[in-house]
Amino acid sequence: MQALKINLNYSKRPGFYLLVAFLLISFSFLFLEAKTYWQVGVAIAFCLFFALLLIKKFKKTKLVLTIGMFLFGLRLYQSLQLYSYQGQVITIYPDQMKVNKDYISGIGHFKSGRILLSFKSSSFIEAALKQGQKVQLIDIKYEIGEIEQAHNFGEINYRHYYVSQGIKEKIRIQNYQIRNTNYNFMDFYHYLRFKLEMYFASFPRLLGRP
């Protein structure tokens, strides 16, 4: 039986598009799904693998590789910021935190962005949040967790929801110190929002917040 004369080098265009698609898929996983060190490492390895294939097999890939290297550098910078909370000052606002028994959870703010966090409460922090005041945490010790994603059809995918808001990480704070705070205009905005939430919460169930 005569062998077919068509091979992978028969037409380079489909192979080029296929490798570009694999490279973009790897970058999407790197940006949207990779949360731990090993996930980031595997995603970077795939990005480099497909980029090297493009360089070796195709000559006119400078634009694609330039964009790819830019995205790679951006994700590397985000990774360095993502896993370095020691030494950071994390600010929590009363309108973005929930107190559940002896635990507090919500959105915290630090120099490089925002983060989901939870930690064991104290009477001082609870009193400050109930009065509409912000609290700043320093010298934190923490463990990294994963933001919950949808497991069933129609279920809310919180991971994608928070990623769309620039929140890519969740931590559980094990130990912390409280820092004296200075107030600014942004604090007044959160205070006003907190007061409005408390006001609407006093409405009947169908009119107030659930």
Side-chain angles (χ1 to χ4, degrees), residues 31-35 71 73-150 155-210:
F31 273 87
L32 299 177
E33 297 295 336
K35 301 300 177 183
L71 293 175
L74 180 61
R75 185 60 177 89
L76 181 61
Y77 171 78
Q78 289 180 343
S79 297
L80 293 176
Q81 298 295 322
L82 195 64
Y83 299 109
S84 58
Y85 299 113
Q86 276 92 357
Q88 295 272 9
V89 178
I90 296 182
T91 304
I92 58 176
Y93 293 99
D95 60 312
Q96 295 180 327
M97 305 302 295
K98 293 182 179 180
V99 180
N100 186 9
K101 295 183 179 180
D102 59 344
Y103 250 79
I104 293 179
S105 61
I107 298 175
H109 299 251
F110 63 106
K111 184 178 180 180
S112 302
R114 301 189 297 170
I115 187 174
L116 284 179
L117 54 84
S118 62
F119 59 95
K120 191 173 182 180
S121 180
S122 69
S123 57
F124 174 83
I125 294 180
E126 288 189 19
L129 293 178
K130 288 179 180 179
Q131 293 175 9
Q133 300 176 2
K134 74 175 182 182
V135 178
Q136 290 187 319
L137 309 178
I138 59 174
D139 298 334
I140 66 170
K141 295 181 180 179
Y142 63 92
E143 61 180 12
I144 298 175
E146 292 189 352
I147 300 176
E148 184 180 357
Q149 58 181 339
E155 186 179 355
I156 297 176
N157 193 324
Y158 286 102
R159 180 176 296 179
H160 288 173
Y161 168 75
Y162 283 115
V163 165
S164 68
Q165 298 189 14
I167 301 174
K168 303 182 178 70
E169 190 71 293
K170 177 182 179 180
I171 63 172
R172 176 170 293 180
I173 299 177
Q174 300 168 332
N175 195 13
Y176 59 89
Q177 300 293 329
I178 299 174
R179 192 179 84 163
N180 294 329
T181 60
N182 297 320
Y183 295 95
N184 53 41
F185 177 78
M186 186 59 65
D187 303 333
F188 175 75
Y189 162 76
H190 285 283
Y191 174 79
L192 180 61
R193 190 169 181 267
F194 170 75
K195 286 298 185 181
L196 288 173
E197 285 185 352
M198 294 299 100
Y199 173 71
F200 289 119
S202 64
F203 282 26
R205 181 173 178 82
L206 294 179
L207 297 176
R209 63 181 183 181

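Note that this is a predicted model, so its numbers are computed, not measured.
At most 12 non-hydrogen atoms from other residues, nucleotides or ligands lie less than 6.0 angstrom from CZ of Phe188.
Atom CD1 of Ile107 and atom NZ of Lys170 lie 12.5 Å apart (nearest 0.5 Å). From Arg179, atom CZ reaches atom CG of Asp139 across 10.5 Å, with rounding to the nearest 0.5 Å. For the atom pair CD1 (Ile173) and CD1 (Ile115), the distance works out to 7.5 Å, reported to the nearest 0.5 Å. Here Asp95 contributes atom CG and Arg193 contributes atom CZ; the two are 4.5 Å apart, rounded to the nearest 0.5 Å. Going from atom CZ of Arg172 over to atom CD1 of Ile140 covers 14.0 Å, rounded to the nearest 0.5 Å. Put simply, CG on Leu137 and CD1 on Ile92 are 5.0 Å apart, with the number rounded to the nearest 0.5 Å.
Using cut-offs of 30° and 60° on the angle between ring planes, the pair Phe119 and Tyr176 is perpendicular.
For the pair Phe194 and Gln131, the tightest heavy-atom approach, listed with the atom from each and the gap, is CE2-C, 4.3 Å. The shortest non-hydrogen separation linking Gly132 to Tyr191 is O-CD1, 3.3 Å. Gly108 and Ile90 make their closest contact through CA-CG2, 4.2 Å (heavy atoms, listed as atom of the first residue, atom of the second, distance).
Of the residues listed (Leu117, Ile125, Val135), the one engaging Met97 in a side-chain contact (heavy atoms from CB on, under 4.5 Å) is Leu117, and it is the only one. With Thr91 as the fixed residue, the side-chain hydrogen bond (donor to acceptor under 3.5 Å, both in side chains) test singles out one of Gln96, Gln136, His109: Gln136.
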